[in-house]
Student: 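Structure incoming, see below.
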Amino acid sequence: MLGPVILAASRSDRMRRLISAAPVTKQVVDRFIPGETLDDVVPIIEERTAQGLELTMDVVGEDITTPDQARAARDAYLALVDRLAELELGARVELSVKLSMFGQALPSPATTLNEGPRGPAPAFQGGHELALANVRPVVEAAAAIGTTVTLDAEDHTTLDSMFAIHEGLRKDFPQTGCVIQAYLFRTEADARRLAASGSRVRLVKGAYKEPAEVAYQQKHEIDKAYVRILRTLMEGEGYPMVGSHDPRLISIAQELARRAGRKPDEYEFQMLYGIRSDEHLRLAAEGHRMRVYTAFGTDWYGYFMRRLAEKPANLRFFLRSMVSKG
Ligand SMILES: Cc1cc2nc3c(=O)[nH]c(=O)nc-3n(C[C@H](O)[C@H](O)[C@H](O)COP(=O)(O)OP(=O)(O)OC[C@H]3O[C@@H](n4cnc5c(N)ncnc54)[C@H](O)[C@@H]3O)c2cc1C
């Protein structure tokens, strides 16, 4: 019951100010977001890769309001790529991006021009073109150092634009990945299309507050959909990335991969930094490819609130720490 309330709070500016300024928040946030700057996270990148793990790095900051902020997001990712090149870790560390941070949700000049009774309706609203213009150089830079970019999935209203950008980028950079969410009704069809086209696809349960018209609401329905979609991906032509901490789904994924005749390097597991860390190492030690999604940056509020919503015990811990310090 608490999850949807926390997700609603994740969109509130008042809650953002309150939580961001709370005296103990930083200590609680660090569990999920281990640093604010590149210098903070480089030691983590070096340590985890030395342990046999791979990483996907996310610069947090989805709630931007200006094109300048979208360009700053692009530049932050380009700086990250430069640092990975210096570390010679392109082969082990990829990038995850949220297109909202690259300007997808901003009103664009193209939309304004197309407005009016006789103007053709734009294929996509808002900053679709802006997001594409900002993400392309990051994808190019990543490819130049031997790594890839995966487009995260945000709320359902953004997905047609995300898939169109993914398809466009794949013409030049076929290794570009994307994320699909098992809780959405549309995802089984998306999975069939992506599996047939040989894409790199991360499957997750889904972390946003979605209405009953578009998404399963019950955990058991989401889990069943996850298994159906995973089977499609494992039996398809692409590279499945199993994004989950759920022990049951992880065993099912291993079984589905075995039945589909996939070798250990023909799919991978992915988990979030700070969640079930022992399991990251256990799977890697068993010979699986295991990638840790590691977020960093100063604008951590949205990412942090989704982690609270996934496990209400996190919220209790957070509130207790506030009370004990207060
Ligand atoms: C690599 C990766 C990338 C992701 N990218 C996206 C994305 O692009 N778009 C999107 O909508 N969602 C994304 N997610 C989030 C995802 O949608 C789920 O919200 C999240 O993974 C929790 O679901 P679960 O599969 O782990 O299963 P759950 O049933 O939620 O959790 C299984 C077990 O994992 C542990 N666990 C799970 N979450 C937490 C937590 N926050 N704190 C502590 N323990 C926890 C608990 O032990 C829990 O019992 C991503 C997840 C991963 C792992």
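Each ligand, and each atom within it, is numbered from 1 in the order the structure gives.
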Student: Does the structure place the NZ or CZ of R193 under 6.0 Å from the centre of the six-membered ring of F163, at an angle of no more than 45° from the ring's axis?
Tutor: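 Yes, R193 and F163 form such a contact.
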
Student: Extract all N/O-N/O pairs under 3.5 Å that connect ligand 1 to the protein, and present each with both atom names and the distance rounded to 0.1 Å.
Tutor:
unit_1	atom_1	unit_2	atom_2	d
ligand 1	5 (N)	R202	NH1	3.2
ligand 1	8 (O)	A153	N	3.1
ligand 1	9 (N)	A153	O	2.8
ligand 1	11 (O)	Q181	NE2	2.9
ligand 1	11 (O)	A207	N	3.0
ligand 1	17 (O)	G206	N	2.7
ligand 1	19 (O)	E310	OE2	2.6
ligand 1	25 (O)	S244	OG	2.7
ligand 1	26 (O)	H245	N	3.0
ligand 1	26 (O)	H245	ND1	2.7
ligand 1	27 (O)	K205	NZ	3.0
ligand 1	29 (O)	K205	NZ	2.8
ligand 1	29 (O)	K219	NZ	3.2
ligand 1	41 (N)	R307	O	2.9
ligand 1	41 (N)	E310	OE1	2.9
ligand 1	42 (N)	N314	ND2	2.8

Student: Could you go step by step and tell me if F185 and Y216 meet the ring pair (Phe, Tyr, Trp, His ring centres under 6.0 Å) rule?
Tutor: CA-CA 7 Å; F185 302 147; Y216 298 110; 4.9 Å; yes

Student: Who pairs with R262 by side-chain hydrogen bond (donor to acceptor under 3.5 Å, both in side chains), at least two apart in sequence or on another chain?
Tutor: none

Student: To the nearest 0.5 Å, how far apart are NE2 in H280 and CZ in R291?
Tutor: 13.0 Å

Student: Going by side-chain contact (heavy atoms from CB on, under 4.5 Å), V242 matches just one of I252, L203, L230. Which one?
Tutor: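 The side-chain contact (heavy atoms from CB on, under 4.5 Å) with V242 is passed solely by L230 among I252, L203, L230.
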
Student: From D223 CG over to R248 CZ, what is the distance, rounded to the nearest 0.5 angstrom?
Tutor: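 Spacing of CG (D223) from CZ (R248) equals 6.0 Å.
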
